[in-house]
Amino acid sequence: MPRVTNKYPRWQKSKTAVYNLSYHFIWCTKYRKLVLIDRVEKRLKELIHEKASEHEWTIKSLEVMPDHVHVFISVFPQDSPQHIASQLKGFSSRYLRIEFADLKNKLPTLWTRSYYCESVGHISERTIKKYIEDQKNK
């Protein structure tokens, strides 16, 4: 679903929703092996951007450390965090292990099964709670 440009750049619009959904993901290499360096790091960044582009997700920030990845990404309401993590991790693992055969020798799988995800928005949790609590007083 293509994003519709609007006069409020913080928000995105579709035919049925106005939204601002971003997530911070972190995931690690199996056994925290320091394999995400040099050419592997460069290619991993390319693969993550490629998969995000395919889904029309926006990478706001991306950093690859030797044993883990940080991605700050803006997505659509229908994209669950589990789906996003699965797409980014699965796609990158598949191609990195094909293109860098030594990764197969070092690790049974590239990534751990787990990941960290936190929703990130423009408005703080405290502001939202106060807004909801104040609704009865209007």
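Note that this is a predicted model, so its numbers are computed, not measured. Just so it is clear, the values below take in all heavy atoms, side chains as well, and ignore hydrogens, waters and symmetry mates.
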Fill in the blank from the handout: Sequence neighbours excluded, the answer for salt bridge (charged side-chain N to carboxylate O under 4.0 Å, His left out) partners of Lys89 is none
Handout entry: Qualifying residues under salt bridge (charged side-chain N to carboxylate O under 4.0 Å, His left out), relative to Lys42, sequence neighbours excluded
Key = Glu46
Problem - side chain to side chain contact (heavy atoms under 4.5 Å, CB included) involving Thr127 - partner list, sequence neighbours excluded - result: Ile123, Ser124
Problem - Those residues that, when tested against Ser53, pass side chain to side chain contact (heavy atoms under 4.5 Å, CB included) (two or more places apart) - result: none
Exercise for the section: Using the six-membered ring wherever Trp is involved, compare the ring planes of Tyr115 and Phe25 and label them parallel, tilted or perpendicular (cut-offs 30° and 60°). Expected result: tilted
Problem - Side-chain heavy atoms of Lys45 within contact of Leu62, under 4.5 Å - result: yes
Problem - Arg32 CZ: over 12 foreign heavy atoms closer than 6.0 Å - result: yes
Completion exercise
By side chain to side chain donor-acceptor pair (under 3.5 Å), Asp79 pairs with (sequence neighbours left out) Trp57
Handout entry: Contacts of type ring-ring contact (aromatic ring centres under 6.0 Å, His included), residue Phe100, not counting sequence neighbours
Key = none
Practice task
Kindly state each residue pair satisfying side chain to side chain donor-acceptor pair (under 3.5 Å) with at least one member in residues 96-111, sequence neighbours excluded.
Solution key: Arg43-Glu99, Ser92-Trp111
Practice task
Rounded to the nearest 0.5 Å, what's the gap from NZ on Lys33 to OG1 on Thr112? Could you check?
Solution key: 14.5 Å
Completion exercise
By ring-ring contact (aromatic ring centres under 6.0 Å, His included), His49 pairs with (sequence neighbours left out) none
Practice task
Kindly work out whether a path of hydrophobic side-chain contacts (I/L/V/M/F/W/Y, heavy atoms less than 4.5 Å apart) joins Phe72 to Leu88.
Solution key: no
Practice task
Compare all side-chain heavy atoms of Ile26 with those of His68 and state whether any distance is below 4.5 angstrom.
Solution key: yes
Exercise for the section: Give, for atom NE2 of His24 and atom NE2 of His70, the distance between the pair rounded to the nearest 0.5 Å. Expected result: 5.0 Å
Problem - Tyr95: partners by ring-ring contact (aromatic ring centres under 6.0 Å, His included), with sequence neighbours left out - result: Phe91
Practice task
Please identify each residue that fulfils side chain to side chain donor-acceptor pair (under 3.5 Å) with Trp27, with sequence neighbours left out.
Solution key: none
Exercise for the section: Kindly indicate whether the side chain of Leu110, heavy atoms from C-beta on, has any atom under 4.5 Å from the side chain of Val35. Expected result: yes
Handout entry: Glu54: partners by side chain to side chain contact (heavy atoms under 4.5 Å, CB included), with sequence neighbours left out
Key = Lys51
Completion exercise
For Leu34, the side chain to side chain contact (heavy atoms under 4.5 Å, CB included) test, sequence neighbours excluded, returns Pro66, Asp67
